Novice: 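The structure's right below; bear with me while I get my questions together.
In this text, all values refer to a predicted model and were calculated from it rather than measured experimentally. We count residues from 1, following the sequence as given.
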Amino acid sequence: MSKLRVDAREALADVLVDGMTLAVGGFGLCGIPNDLIEVVRDSGVTGLTVVSNNMGVDGKGLGILLENKQVAKVIASYVGENKLFAQQFLDETLEVEFAPQGTLSERLRAGGAGIAAFYTRAGVGTPVAQGKPLAEFDGHLHVQERGIVADVALVHAHTADPAGNLVYRASARNFNPVVATCGRVTVVEAEHLAGEFLDPERVVTPGIYVDRLVRAAPRVKDIEKRTVRPRADVPTD
């Protein structure tokens with residue numbers, strides 16, 4: 001059966017429900033599945049738990065779900081550049097579970113690998129470890145972290161082949177490979193759909209993890225913060 005769907009709306013039509021957990025790839029605005037996020041917004045589902053490194057910025061990326069009041073809980077590594085996210089957290093209208101960035105990545109990977117929990121030193125002695133089991137290994141305290149399994153995983157890739165094998169481009173790879181593994185249903189938008197199977201040596205995410213695939217709509221890629229440095233050949237005075 002083909003994994004390819006006509007568009008993002010068709011790919012998500014029968015899997016979005018209130019109260020579900022979404023794992024979403026990307027880092028800020030880099031490598032985020034914009035088409036899929038917009039379909040989630042337009043669907044009107046509410047009470048969502050969103051697992052992502054952060055929630056984009058105001059008005060872009062996952063920020064549009066916050067604006068639409070569709071998110072009840074966020075599991076992320078930082079509040080970042082989204083003022084609405086920070087305000088909802090401070091107002092206690094949004095439940096937020098923080099995880100160190102490496103721990104969050106490993107929780108997603110563990111969920112995809114069928115690992116229920118693991119121990120790490122990151123977060124010991126901080127609020128991150130409150131209420132979690134502790135154990136000592138090699139003379140050091142470790143905190144138990146649970147693997148994450150999402151109802152639906154949303155992923156952005158650079159290229160996909162007919163089997164759903166994926167490759168990513170540069171820093172847009174970020175959280176996408178681990179997110180792709182942890183969804184009960186994984187939906188991918190890819191910028192390019194290859195007609196032939198990809199070279200196995202190039203594949204980052206094997207197609208076995210991918211359930212549905214759409215071509216990403218062309219769009220201008222937003223940059224959170226554009227920074228430049230003076231050209232060496234241009235006088236500064």
Novice: Quick one: does D91's side chain have a donor or acceptor within less than 3.5 Å of a partner on T93's backbone?
Specialist: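 No, the answer is negative, given that no donor and acceptor are paired below the 3.5 Å cut-off.
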
Novice: Count I, L, V, M, F, W, Y as connected when their side-chain heavy atoms are under 4.5 Å apart, and connections chain through other members. Are L22 and V188 then in the same cluster?
Specialist: no

Novice: Taking the side chain as every heavy atom from C-beta outward, state whether I37 and V24 have any atom pair closer than 4.5 Å.
Specialist: yes

Novice: I'd like to know if the side chain of K3 reaches the main chain of G207, judged simply by a donor and an acceptor atom lying under 3.5 Å from each other, with no hydrogens or angles considered.
Specialist: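 Side chain of K3 to backbone of G207: a pair is present.
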
Novice: I need the minimum non-hydrogen distance between D58 and K83, along with the two atoms involved.
Specialist: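 Where D58 meets K83 most closely, the heavy atoms are OD2-N, 2.8 Å.
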
Novice: Please examine the side chains of V15 and R212, heavy atoms only from C-beta on, and report whether any two atoms are closer than 4.5 Å.
Specialist: yes

Novice: Atom CE in M55, atom CD1 in I64: separation rounded to 0.5 Å?
Specialist: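 Separation between the atoms: 10.0 Å.
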
Novice: Which residues pass the side chain to side chain donor-acceptor pair (under 3.5 Å) test with E224, not counting sequence neighbours?
Specialist: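 Partners of E224 under the side chain to side chain donor-acceptor pair (under 3.5 Å) test: none.
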
Novice: Would you check if V167 and L198 make a side-chain contact, meaning some heavy-atom pair closer than 4.5 Å?
Specialist: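 V167 vs L198: side chains touch.
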
Novice: Flag the pair E97 and R107 as a salt bridge only when some basic side-chain nitrogen lies within less than 4.0 angstrom of an acidic carboxylate oxygen.
Specialist: yes

Novice: Given the rule that I, L, V, M, F, W and Y join up when any side-chain heavy atoms are under 4.5 Å apart, are V45 and L65 in one cluster?
Specialist: yes

Novice: Would you check if L193 and L4 make a side-chain contact, meaning some heavy-atom pair closer than 4.5 Å?
Specialist: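 Contact flag for L193/L4 side chains = yes.
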
Novice: If a pair satisfies salt bridge (charged side-chain N to carboxylate O under 4.0 Å, His left out) and one of its residues is in residues 183-198, list it, with sequence neighbours excluded.
Specialist: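 Qualifying pairs: D151-R184, E191-K221.
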
Novice: Is the shortest distance from a Lys or Arg side-chain nitrogen in D35 or R219 to a carboxylate oxygen in the other one below 4.0 Å?
Specialist: yes

Novice: Is the side chain of N174 donor-acceptor paired with the backbone N or O of G26 at a distance under 3.5 Å, no angle test?
Specialist: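 Indeed, once roles are kept as given, a pair shorter than 3.5 Å links the two residues.
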
Novice: Flag the pair D161 and R202 as a salt bridge only when some basic side-chain nitrogen lies within less than 4.0 angstrom of an acidic carboxylate oxygen.
Specialist: no

Novice: Has the side chain of K132 got a donor or acceptor atom that lies under 3.5 Å from a matching backbone atom of V128?
Specialist: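 Yes.
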
Novice: Centroid separation under 6.0 Å, is that true for the rings of F98 and F89?
Specialist: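 Yes: the rings meet the under 6.0 Å criterion.
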
Novice: Under 4.5 Å between any side-chain heavy atoms of L108 and T181, yes or no?
Specialist: no

Novice: So which heavy atom on T103 is nearest to which on A122, and how close?
Specialist: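 It is OG1-CB, 3.8 Å.
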
Novice: Indicate yes or no: at least one non-hydrogen side-chain atom of V187 is less than 4.5 angstrom from one of V155.
Specialist: no

Novice: Is there a side-chain hydrogen bond (donor to acceptor under 3.5 Å, both in side chains) between Y168 and T159? Walk through the geometry before answering.
Specialist: CA-CA 7 Å; Y168 308 90; T159 304; over 6 Å; no

Novice: Okay, side chain of N165, backbone of P206: is any donor-acceptor separation there less than 3.5 Å?
Specialist: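 Not at all, since once roles are kept as given, no pair shorter than 3.5 Å links the two residues.
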
Novice: Check whether any side-chain heavy atom of V179 lies under 4.5 Å from a side-chain heavy atom of L154, and answer yes or no.
Specialist: no

Novice: Can you pull the ring pair (Phe, Tyr, Trp, His ring centres under 6.0 Å) pairs that have at least one residue in residues 114-154, sequence neighbours excluded?
Specialist: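 Pairs touching residues 114-154 that pass the test: Y119-F137, F137-H142.
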
Novice: Evaluate the side-chain proximity of N54 to S77: yes if any heavy-atom separation is below 4.5 Å, no if none is.
Specialist: no

